[in-house]
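Below is one structure, written out as structure tokens, with a few remarks after it.
First listed ligand is number 1; within each ligand, the first listed atom is number 1.
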Amino acid sequence: MKLEINNITKTYHNIKALDHFSVTLQEGIYGLLGPNGAGKSTLMNTICTLIKEDEGEILLDGNSILKHKKEFLNQLGYMPQYPQLYEDFTLEEYLYYIGALKNIEKSKLEKNIDYLLKEVGLKEVRNKKIKEFSGGMKQRAMLIQALLNDPKILILDEPTAGLDPKQRIKIRNLISKLGQNKIVLISTHVVSDVEFIAKKIILIKQGKCIACESPYHLQKSIQGHVEIVQIKEIEIDDIYNKNLISSLFYEGKQLYGRIVHNQECQIKGEQVFPSLEDVYLYHFGENNEDY
Ligand code: ADP
């Protein structure tokens, strides 16, 4: 299976939300990483046919998804950024309702609901009203609705937004398990959400795809640009102004900074192998207060 996103451009007034964006996806998990405003939601909405591109096209196995929209949507699961749940429904009522909207045959729907409720750990609360759910439970309910039709393509827009670290880990592991044999695209600006589960990371900057590589390759690509340096407290502001600092830490009384630089580093330290967070900072840190 191959989903080709070919040269997509989408402009709002004079803002290019997507600017000749191209990438080809095959089975596996992809992390779509970029700061707020980079174009992640616009890309996802375009793939889900919720908005139409101005230029370019999206092909599934060579066929235009717009020309074969019905067949395409039958194979698609989408989890939007904000939970869209009916709070007065019980979870089971909600899932049967969504299943009916998706035209899923009743016996298949029953089977899928039972399976997914068990997998995401919401079996015990299937008859509870959604308004009584915590944020993490709502996110898991949204994940179930995206998976109800056993989609081949799963689009997840910031699936861990608003969750605490334990809940994030739970959702992450679920995606990793339930996303087997599918094309899964997860948007996030939190590196750890995709660092260990994505086979490839797509970096999106100002609507452009600037990389689509394995985490290791991305890390290797900035080797030589990350150093641990000793810092005197008095120098902190100056160093912050001139460098990208991915972390500051003490060892005993000595303060150290992990510095990411994209030019010759002025301060000398010990070079270390970059992390994916360093990669993020390298590409998105400069001139961007929102990173
Ligand atoms: P992300 O999901 O990475 O935060 P978005 O795709 O939401 O980015 O937005 C990309 C850019 O397009 C931003 O500058 C945003 O303000 C703009 N944008 C998105 N949707 C609209 C819209 N409906 N009308 C006008 N501008 C929009």
Ring geometry between His225 and His261 (parallel below 30°, tilted from 30 to 60°, perpendicular above 60°): tilted

Parallel, tilted or perpendicular: rings of Tyr256 and Phe249 (30°, 60°): parallel

Lys152 side, atom NZ; Asn181 side, atom CG - distance, nearest 0.5 Å: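 Here the rounded value is 11.0 Å.
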
Return a yes/no value for [X]: is any of its N or O atoms, backbone included, closer than 3.5 angstrom to an N or O of ligand 1?
X: Asn36; answer: no
X: Gly39; answer: yes
X: His13; answer: no

Lys/Arg N to Asp/Glu carboxylate O, Lys131 vs Glu87, below 4.0 Å: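 So Lys131 does not pair with Glu87 through a salt bridge.
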
Atoms in ligand 1 flagged as close to Thr42, the criterion being non-hydrogen separation under 4.0 Å: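 This gives 5 (P), 6 (O), 9 (O) as the contact atoms.
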
Sub-4.0 Å atoms of ligand 1 with respect to non-hydrogen atoms of Pro35: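 Numbered from 1, ligand 1 contributes 3 (O).
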
From the candidates Met44, Gln81, Lys40, the one that places a heavy atom nearest atom 3 (O) of ligand 1: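 Result: the heavy atom closest to atom 3 (O) of ligand 1 is in Lys40.
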
Within reach of ligand 1, part of Ile15 (heavy-atom separation under 4.0 Å): side chain

Which segment of Ser187 sits under 4.0 Å of ligand 1 when only heavy atoms are counted: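 Contact part for Ser187 vs ligand 1: neither.
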
How far is [atom] from the closest protein heavy atom, and which atom is that?
atom: atom 20 (N) of ligand 1; value: Tyr12 CE1, 3.3 Å
atom: atom 13 (C) of ligand 1; value: Gly37 O, 3.8 Å
atom: atom 2 (O) of ligand 1; value: Ser41 N, 2.8 Å

